[in-house]
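Order of the sequence lines fixes the chain letters, A, B, ..., with proteins taken first and strands second; residue numbering starts at 1 for each chain.
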Number of protein chains: 2
Amino acid sequence: MARKTGSHAETTGPRVRAAALRLFAQSGYAAVSMRQIAAEVGMQAGALYTYTADKQTLLFDLMREHMADVLEAWAAQPQGGSPGERLEQFTRFHINHHLDRPEGVFLSYMELRNLTPKNFAEIEALRRSYESELEAILIAGQENGAFSVPDTRLATMALIAMLTGITQWYRDDGRLSRERVQKIYWNMVRRAVKG
Amino acid sequence: MARKTGSHAETTGPRVRAAALRLFAQSGYAAVSMRQIAAEVGMQAGALYTYTADKQTLLFDLMREHMADVLEAWAAQPQGGSPGERLEQFTRFHINHHLDRPEGVFLSYMELRNLTPKNFAEIEALRRSYESELEAILIAGQENGAFSVPDTRLATMALIAMLTGITQWYRDDGRLSRERVQKIYWNMVRRAVKG
DNA sequence: GTCTATAATCAGATAGAC
DNA sequence: GTCTATCTGATTATAGAC
């Protein structure tokens, strides 16, 4: 397969996004220059603009991919079961999925204020859509008496904050295994909403 | 009281810090320029260096003040009571204190990565010191059988994440009063650690 | 204590050669 | 597709006048 020298369109795009994700998560969007991203990939700054319209679009694309990813992964989970079973499934899924993507999680929570209003609205809609998945479980459990939650919206925010917070301290080589963390958190979640 | 024209040392310092806190919280440390801070106060950029050695020190001082403030305010709370009573007290205190200082909370959680290593270590120590206050309550309750927490460190992190998350959505003119939010969260906290 | 002016550097983005 | 070179403007921080 003949190919022009230096032509790597199929791999360079993802490498640019991976480098940007790593650097944005590490130092923050505003603190990272296009030159730094280019250096990380091994190219010159000007060439980045073959793969993104501008820096803002690069950030937006990373956040949109992250949010679409979590929605898609949750949709691919087995359906059905009681509210209690669904809540345990969500808890374990959320922990596992987020621990696998610490940089995407960090970026999507920390850089919202660096999005243009239009881009912000789109990311927010995706986030609310994910929160609604948990809230639907809480509503179902509340209706059939499995849970007792005075306010499902508040409980949703409380549980998501609690679970996502794990990414701030968990390390795979740390004191506790993922299974142990999942079990302990599921125990707290279960009791927090118990009917 | 004679005073030189344009001399406002006693008020300008706090006004600089207040402007920096507002802007850093709104747009992020790296995205805010010294010129913006100066404009917010109504002075020229060069004059800021009368009040801070540099931009990094300005950030560090704001974060240190925020952490020292929460530690001091908690220390000023009435002492004594059962672990259950202390946990309710901590829950309500944490919510109230943090809802009163949304910008300081935001700054202290979001800008850790923009601190120099030395400054980071100092802020982290203060944060751990605050977390230890909650963990001590959980340990006491675990020992006298009031609570059942398989891992007090994990429960500490889980509860703080849950409670601090409130600052991300709560508005004083919103659907729920502070008292209602405190009550609902205390109910979830209580059940999550119940023995 | 605050100003203006400036030094030295770096930013995002584009043009055109290859 | 990537490079070099460059435009335009912003950045932190300092010097010296007042």
Chemist: Could you check which of D:dC3, C:dG1, D:dA13 has an atom nearest any side-chain atom of A:Ala47?
Modeler: D:dC3
Chemist: Is A:Thr12 near enough to D:dT2 that one of its side-chain N or O atoms lies under 4.0 angstrom from OP1 or OP2?
Modeler: yes
Chemist: Within the sub-3.5 Å range, which N or O atoms of nucleotides 7-11 of chain C have a protein N or O partner, and how far apart are they?
Modeler:
{"residue": "C:dA11", "atom": "OP1", "partner": "A:Ser33", "partner atom": "OG", "Å": "3.1"}

Chemist: For the helix from C:dG1-D:dC18 to C:dC18-D:dG1, what is the angle between the axes at its two ends, each from 5 pairs, rounded to 10°?
Modeler: 0°
Chemist: What pairs of residues pass the side-chain hydrogen bond (donor to acceptor under 3.5 Å, both in side chains) test when at least one of them lies in residues 150-161 of chain A, not counting sequence neighbours?
Modeler: A:Glu131-A:Arg153, A:Glu135-A:Thr152, A:Asp151-B:Arg175
Chemist: From C-beta outward on B:Tyr49, which listed nucleotide comes closest to its side chain: C:dT2, D:dT14, C:dG12?
Modeler: D:dT14
Chemist: I want to verify a distance call: between C:dC3, D:dT4, D:dT2, whose nearest atom is closest to the A:Tyr51 side chain?
Modeler: D:dT2
Chemist: Between B:His98 and B:Tyr170, do the side chains contain an N or O donor and an N or O acceptor separated by less than 3.5 Å?
Modeler: no
Chemist: Please say which of A:Arg128, A:Glu111, A:His66, A:Met67 ends up in a side chain to side chain contact (heavy atoms under 4.5 Å, CB included) with A:Ile123.
Modeler: A:Met67
Chemist: Would you say the rings of A:Tyr130 and A:Phe90 are close, in the sense that their centroids are separated by under 6.0 Å?
Modeler: yes
Chemist: Write down the distance between CG (A:Leu48) and C1' (C:dT14), rounded to a whole number of angstrom.
Modeler: 13 Å
Chemist: How many whole angstroms separate atom CE of B:Met43 from atom P of C:dT4?
Modeler: 11 Å
